[in-house]
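Input: a single structure, listed below in structure tokens.
From a predicted model like this one, the values you see are computed outputs, not experimental measurements.
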Amino acid sequence: MKFRPRMNKTIRLCAAILAAMGTVLTFGCADGNSLPPPSFATNTGPGLENAYRLDIGDKVKLSVFDEENISGEYEVNGRGNMAVPLIGEIPAKGRSLKELKRTLSARLANGYIKNPRISLDITNYRPIYVHGEVKSGGKFQYHNNLTFEDAVAMAGGYTYRAQKSYLILTRAGQRPVRLPLPASIPVLPGDNILISERFF
């Protein structure tokens with residue numbers, strides 16, 4: 001009878017360890033054994049440019065009223081910057097078009113152009129990647145309202161070994177997740193899509 005408190009404490013400790021292990025197994029698997037968080041349901045279509053954050057490889061069209069030497073198409077380079085005549089490199093990675101426009105206006109107004117009137121548009125989103133059990137995996141051009149079924153079709157379709165009930169999605173700033181098919185969320189620029197092998 002005198003050992004019961006210690007035994008109860010040991011049982012409680014073991015139960016806590018097992019519960020923690022279960023949490024890790026459920027939520028910590030990097031091979032995609034979890035569903036995507038709500039943040040994956042990001043805007044697409046016309047609303048994408050309002051929510052979209054620029055990254056390396058994106059191309060932006062800059063129009064500055066009455067300044068043809070500055071107006072043009074610029075790419076977010078490997079350093080995450082956009083190099084613009086007169087004002088040099090501007091940090092662009094991780095910024096929305098609205099934030100980038102505000103920075104460009106401030107820099108141009110600082111001794112270069114009085115009251116600059118500018119517009120920004122994304123002309124070329126960074127590509128998506130599809131690989132695994134598809135016929136022609138690789139890098140593909142993103143376009144608005146792209147579905148995961150579209151992405152697989154762009155890669156030549158499934159191989160006969162392909163797992164068609166889910167895919168593994170890696171999105172910028174996120175760990176890989178297993179996404180059931182058909183998916184209710186859109187493909188976004190920069191997505192890395194892996195089609196797994198089906199086990200018979």
Side chains of V60 and L54: does their closest heavy-atom pair fall under 4.5 Å?
yes

Taking C-beta and beyond as the side chain, do Y125 and N144 meet within less than 4.5 Å on heavy atoms?
yes

So, do E89 and N77 sit near enough that their side-chain heavy atoms are less than 4.5 Å apart?
yes

The test is side-chain contact (heavy atoms from CB on, under 4.5 Å); show your working for N110 and I87 and say whether it passes.
CA-CA 9 Å; N110 187 20; I87 57 177; over 6 Å; no

Distance in Å, I70 CD1 paired with S63 OG, rounded so as to fall on 0.5 Å steps
11.5 Å

Among L179, L194, N192, exactly one meets side-chain contact (heavy atoms from CB on, under 4.5 Å) together with I168. Which residue is that?
L194

Got L97 and Y52 here, is their nearest side-chain heavy-atom distance under 4.5 Å?
no

Spacing of CG belonging to N145 relative to NE2 belonging to H143, to within rounding of 0.5 Å:
8.5 Å

Nearest non-hydrogen partners of R117 and F65, listed with the distance:
NH2-CE2, 2.6 Å

Using a distance-only test with no angle check, is there a side-chain donor-acceptor pair under 3.5 angstrom linking N124 and E73?
no

How long is the span from the CG atom in L181 to the OG1 atom in T147, to the nearest 0.5 Å?
10.0 Å

In this structure, CE of M154 is separated from CG of L146 (nearest 0.5 Å) by 5.5 Å

Can any side-chain N or O of D191 pair as donor or acceptor with the backbone N or O of R171 at less than 3.5 Å?
no

Roughly how far, to the nearest 0.5 Å, is the CD1 atom of I56 from the NZ atom of K93?
4.5 Å

Linked, directly or transitively: Y129 and Y166 (ILVMFWY side chains, under 4.5 Å):
no

Nearest non-hydrogen partners of M82 and Y74, listed with the distance:
CG-CB, 3.4 Å

Where do P116 and A109 come nearest, in terms of heavy atoms and distance?
CD-CB, 3.8 Å

Partner of L167 under side-chain contact (heavy atoms from CB on, under 4.5 Å), chosen from I193, V130, V134
I193

Considering all heavy atoms, the nearest D55-R126 contact:
CB-NH1, 3.0 Å

Less than 4.5 Å apart, side chain to side chain, heavy atoms only: is that true for F148 and P182?
no

Using a 4.5 Å cut-off on heavy atoms from C-beta on, say whether the side chain of I195 contacts that of T159.
no

Please check if the side chain of S71 supplies one atom and the backbone of V64 the other of a donor-acceptor pair under 3.5 Å.
yes

To the nearest 0.5 Å, tell me how far R102 CZ sits from E99 CD.
6.0 Å

From the list V76, N81, L100, side-chain contact (heavy atoms from CB on, under 4.5 Å) with I90 holds only for L100

Return yes if a side-chain donor-acceptor contact under 3.5 Å exists between T103 and R95, otherwise no.
yes

